[in-house]
Asks: 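Right, I'll just put the structure down here and ask away after.
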Amino acid sequence: MTELAAEKIQQNYQVVRERLSKAAGQTGRDIADIRLITVTKGHSVDVIRAAYDVGARDFGENYVQEALAKMNELSMLGAQWHMIGHVQSRKAREVAQNFTWLQTIDSLKLAQRCDRFAFESERILPVLLECNVSGEASKQGWPAWDEDRWLSLADELRPLLELNNLEVRGLMTMPPYNPDPNAARPYFRRLRRLRDFLSQQLAQTEWKELSMGMSHDFETAVEEGATMVRVGTAIVGVRGPA
Ligand SMILES: *Cc1c(COP(=O)(O)O)cnc(C)c1O
């Protein structure tokens, strides 16, 4: 497959910005409160650069080695790198040292390792907790589909908030795939309710961020309170072989 030309990427980026701005406007939200993350897994540095040139500053990557290779090759002032794929604990050091954000904390063990490596690099790593709000077995994340168990989930999460070099900023989710943009709404809504619940139970941190919504359903996510949307295909096209 051939990659999209820079012009096409720039056009796509503008279209997505417009859709985002419209969705924000219709729900009375300020677009400045919603971060557009351009997801570039499987795409080259030229593609990333084309998006950067038209204004993209937040980039999402899923695979540690692939992302580090690209980061080394690019030097883009002000770019923020978000780890949005599953992180094995043996990769914790590389993630904690190189990414701006880690969106996929799904265990205390991973959190503790990232905290240690962030401490060693003298930084505070902002993180999101990945939550499974659908119960779909293939999904990563803290089990959060059953609201009756949120209280015990809050207890499980308590130790994460005591890690000095991690800053828990909110939640992230990836609902079951469904091409219908409305299908994910109940899951987005549940994530937002969980966020509100945790901000009452664990008030020592702010729980501001909700990372939810992708190319086909980010407008729905914005309507349900997303503060970060992760958009790949609609900006950079279909990805090549990983
Ligand atoms: C690939 C990916 C996206 C972007 O998906 P698109 O449908 O291409 O917009 C968002 N979030 C995660 C976690 C992903 O892996």
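Start at 1 and go down the list; that is how both ligands and their atoms are numbered.
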Asks: Atoms of ligand 1 less than 4.0 Å from Lys41 heavy atoms?
Replies: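 Listed by number with element: 1 (C), 2 (C), 3 (C), 14 (C), 15 (O).
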Asks: Search all heavy atoms of Gln97 against all heavy atoms of Ser121 and return the closest pair with its distance.
Replies: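 Scanning both residues, the minimum pair turns out to be CG-OG, 3.4 Å.
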Asks: Quick test: of every protein heavy atom, which one is nearest to atom 11 (N) of ligand 1, and how far off is it to 0.1 Å?
Replies: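 Looking only at protein heavy atoms, the one closest to atom 11 (N) of ligand 1 is Arg230 NE, 2.9 Å.
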Asks: What verdict does the ring-ring contact (aromatic ring centres under 6.0 Å, His included) test give for Trp81 and Phe99, after you've listed the backbone C-alpha separation in whole Å, the side-chain angles of each residue and the deciding distance to 0.1 Å?
Replies: CA-CA 5 Å; Trp81 296 91; Phe99 281 84; 7.3 Å; no
Asks: What atoms of ligand 1 come closer than 4.0 angstrom to any heavy atom of Val231?
Replies: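 Matching atoms, with element in brackets: 9 (O).
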Asks: Looking only at protein heavy atoms, which one is nearest to atom 7 (O) of ligand 1, and what is the separation?
Replies: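 Result: Met214 CE, 3.6 Å.
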Asks: Evaluate the criterion ring-ring contact (aromatic ring centres under 6.0 Å, His included) for residue pair His216 and Tyr177; output intermediate values, then yes/no.
Replies: CA-CA 10 Å; His216 67 288; Tyr177 180 75; 5.1 Å; yes
Asks: Please assess Glu167 against Thr205 for the test side chain to side chain donor-acceptor pair (under 3.5 Å), listing each intermediate value before the final yes or no.
Replies: CA-CA 8 Å; Glu167 198 165 80; Thr205 194; over 6 Å; no
Asks: Taking 4.0 angstrom as the limit and counting only heavy atoms of Ile84, give me the atoms of ligand 1 inside it, by number and element.
Replies: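 Ligand 1 atoms under the 4.0 Å threshold to Ile84: 11 (N), 12 (C), 13 (C), 14 (C).
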Asks: Looking only at heavy atoms, what is the nearest atom pair of Arg123 and Asn98, with distance?
Replies: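 Shortest heavy-atom contact: NH1-N, 4.2 Å.
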Asks: Within ligand 1, which atoms have a heavy atom of Thr233 less than 4.0 Å away?
Replies: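 Heavy-atom distances to Thr233 below 4.0 Å select 6 (P), 7 (O), 8 (O), 9 (O).
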Asks: Is there a nitrogen or oxygen of Gly232 sitting under 3.5 Å from a nitrogen or oxygen of ligand 1?
Replies: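 Gly232 vs ligand 1: N/O contact under 3.5 Å present.
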Asks: How about Arg190 and Glu147: do any of their side-chain heavy atoms sit closer than 4.5 Å?
Replies: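 They are in contact (side-chain heavy atoms under 4.5 Å apart), so the answer is yes.
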Asks: Tell me: protein heavy atom nearest atom 9 (O) of ligand 1, and distance?
Replies: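 Going atom by atom, the protein heavy atom closest to atom 9 (O) of ligand 1 ends up being Ser215 OG, 2.5 Å.
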Asks: Could you check, using the six-membered ring where one of them is a Trp, whether Phe59 and His43 have ring centers closer than 6.0 angstrom?
Replies: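 When the ring centroids of Phe59 and His43 are compared, they turn out to be at least 6.0 Å apart.
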Asks: Donor-acceptor check, side chain of Arg230 to backbone of Ser211, threshold 3.5 angstrom: yes or no?
Replies: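 Yes: the side chain of Arg230 pairs with the backbone of Ser211.
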Asks: Taking heavy atoms and a distance under 4.0 Å, where does His216 meet ligand 1: side chain, backbone, both or neither?
Replies: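 Within the 4.0 Å criterion, His216 makes no contact with ligand 1.
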Asks: Counting only heavy atoms closer than 4.0 Å, does ligand 1 sit against the backbone of Asn62, its side chain, both, or neither?
Replies: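 Contact part for Asn62 vs ligand 1: side chain (C-beta onward).
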Asks: Checking a contact table here: which protein heavy atom is nearest atom 13 (C) of ligand 1, and how many Å away?
Replies: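 For atom 13 (C) of ligand 1, the nearest protein heavy atom is Met174 SD, 3.3 Å.
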